[in-house]
> 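Sharing a structure with you now.
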Amino acid sequence: MKAIFNIETPLKKNDVELHVLNESHKQELENLASDSRLWKYAPHPYHEPTVFKEKWLSKTKERVCFVIFYKNKMIGSSSYYDIDLNNKKLTIGYTWLHPDYWGTKINRQIKLIMLDYAFNTLECIRVEFAVDSLNTPSQNALGKLGIKQEGLLRNHMLLSNGRIRHTYIYSVIPEEWPGIRRNIENLI
């Protein structure tokens, strides 16, 4: 797998661009994240500014956070995380869009961009998605793209509100990627 921490951005397709998070994005992203509706299934109350700064904006080598732009307007974020260079796999998630963009094709474009980069540039052999068992909109969205659900991790994590979260795991492997790519492109 090629070095992931030097991703040249923006990654783009049509009117959607993904930029690696930097200092110039942080204040506007924090303002966008203040809507509590975004965080219904999140492990932490990211709409609270101190939590957002501590948990979201902190840098780790296991996560690459992107800022999403649509027609040059910042609208949300997504990440590569649980990056395992030795095993050529990573997870895509922590994706959120401002509610004005819910129900649009933008999330599909984001998934297409990120999956394409993961398989064709980073040469991943596995890309995962982890979804809260209560988050049926995200489960349905991944299913519509043709991404396979593998199973349920029971009592997977304890959320900051005390709820025990069960997590569905979805994945894509290189043999499936061409068909899923065509499916996503058809849906866009």
> Would Ile169 end up clustered with Leu115 when hydrophobic side chains under 4.5 Å apart are linked, directly or stepwise?
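As far as the 4.5 Å side-chain criterion goes, Leu115 and Ile169 are not connected within one cluster.
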
> Asp116: what forms a side-chain hydrogen bond (donor to acceptor under 3.5 Å, both in side chains) with it, not counting sequence neighbours?
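Asn120, Arg181.
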
> Parallel, tilted or perpendicular for Tyr80 and Phe66, by the 30°/60° rule?
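Aromatic pair Tyr80/Phe66 classed perpendicular.
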
> Side chains of Val67 and Glu28: closer than 4.5 Å at any heavy-atom pair?
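Sidechains of Glu28 and Val67: no contact.
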
> Pairing donors with acceptors under 3.5 angstrom, does anything connect the side chains of Gln27 and Asn31?
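Result is yes, a qualifying pair exists.
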
> Between Ser133 and His166, is the side chain to side chain donor-acceptor pair (under 3.5 Å) condition met? List the steps.
CA-CA 5 Å; Ser133 64; His166 309 300; 5.4 Å; no

> Quick one: are Phe69 and His25 in side-chain contact, heavy atoms under 4.5 Å?
yes

> Rounded at 0.5 Å granularity, tell me how far NZ in Lys148 sits from CD1 in Ile173.
7.5 Å

> Just verifying a value: how many Å separate Phe129 CZ and Gln149 CD, rounded to the nearest 0.5 Å?
13.5 Å

> More than 12 heavy atoms of other residues, nucleotides or ligands under 6.0 Å from CZ of Arg182: is that the case?
no

> Work out which heavy atom in Glu176 is nearest to a heavy atom in Ser171; give both atom names and the distance.
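The pair with the smallest heavy-atom distance is OE1-O, 3.9 Å.
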
> Is there a side chain to side chain contact (heavy atoms under 4.5 Å, CB included) between Leu152 and Thr167? Walk through the geometry before answering.
CA-CA 6 Å; Leu152 179 67; Thr167 302; 5.7 Å; no

> In residues 93-101, what donor-acceptor pairs under 3.5 Å come from side-chain atoms, sequence neighbours left out?
| residue | atom | partner | partner atom | Å |
| --- | --- | --- | --- | --- |
| Thr95 | OG1 | Ser78 | OG | 2.5 |
| His98 | ND1 | Asp100 | N | 3.1 |

> Rounded at 0.5 Å granularity, tell me how far CG in Asn107 sits from OG in Ser138.
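Result: 7.5 Å between the selected atoms.
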
> I need the single residue from Ile75, Ile113, Leu112, Leu11 that forms a side chain to side chain contact (heavy atoms under 4.5 Å, CB included) with Val16. Which is it?
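In the set Ile75, Ile113, Leu112, Leu11, the residue that makes a side chain to side chain contact (heavy atoms under 4.5 Å, CB included) with Val16 is Ile113.
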
> Nearest 0.5 angstrom please: Cys124 SG to Trp177 CH2, how far?
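Answer rounded to 0.5 Å: 11.5 Å.
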
> Consider only side-chain heavy atoms of I, L, V, M, F, W and Y, link residues closer than 4.5 Å, and tell whether Ile147 and Tyr41 are in one cluster.
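Different clusters: Ile147 never reaches Tyr41 through Ile, Leu, Val, Met, Phe, Trp or Tyr contacts under 4.5 Å.
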
> I'd like to check Asn14 versus Gln109 (side-chain heavy atoms, cut-off strictly below 4.5 Å). Are they in contact?
yes

> Quick one: NE2 on His19 to CD1 on Ile7, what's the gap to the nearest 0.5 Å?
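Nearest 0.5 Å value for the NE2-CD1 distance: 13.0 Å.
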
> Quick one: does Leu187's side chain get under 4.5 Å of Lys111's, heavy atoms only?
no

> List the residues meeting side-chain hydrogen bond (donor to acceptor under 3.5 Å, both in side chains) with Tyr70, not counting sequence neighbours, and say none if there are none.
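side-chain hydrogen bond (donor to acceptor under 3.5 Å, both in side chains) check on Tyr70 returns nothing, list empty.
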
> Is it the case that one hydrophobic cluster holds both Trp102 and Val131, taking links as side-chain heavy atoms less than 4.5 Å apart, direct or via other members?
yes

> A side-chain contact here means heavy atoms from C-beta on lying under 4.5 Å apart; do Ser77 and Leu29 qualify?
yes

> Does Asn22 reach the main-chain N or O of Ser24 with its side chain, forming a donor-acceptor pair under 3.5 Å?
yes

> Does Lys105 reach the main-chain N or O of Ile188 with its side chain, forming a donor-acceptor pair under 3.5 Å?
yes

> Cut-off 3.5 Å, side chains only: do Asn87 and Asp84 have a donor facing an acceptor?
yes

> Any donor and acceptor pair, going by atom type alone, linking the side chain of Asn183 with main-chain N or O of Lys144 inside 3.5 Å?
yes

> Find out whether Val127 and Leu90 are in side-chain contact, i.e. whether some heavy atom of one side chain is under 4.5 Å from a heavy atom of the other.
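Yes, their side chains come closer than 4.5 Å.
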
> First locate atom CG of Asp82, then atom CZ of Arg63, and finally report the distance between them rounded to the nearest 0.5 Å.
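So the gap between those two atoms works out to 10.5 Å.
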
> Report whether Leu145 and Tyr117 are members of the same hydrophobic cluster (ILVMFWY, side-chain heavy atoms less than 4.5 Å apart, transitive linking).
yes

> Treating Thr104 as the side-chain partner and Ile106 as the backbone partner, does any N or O pair qualify as donor plus acceptor under 3.5 Å?
yes

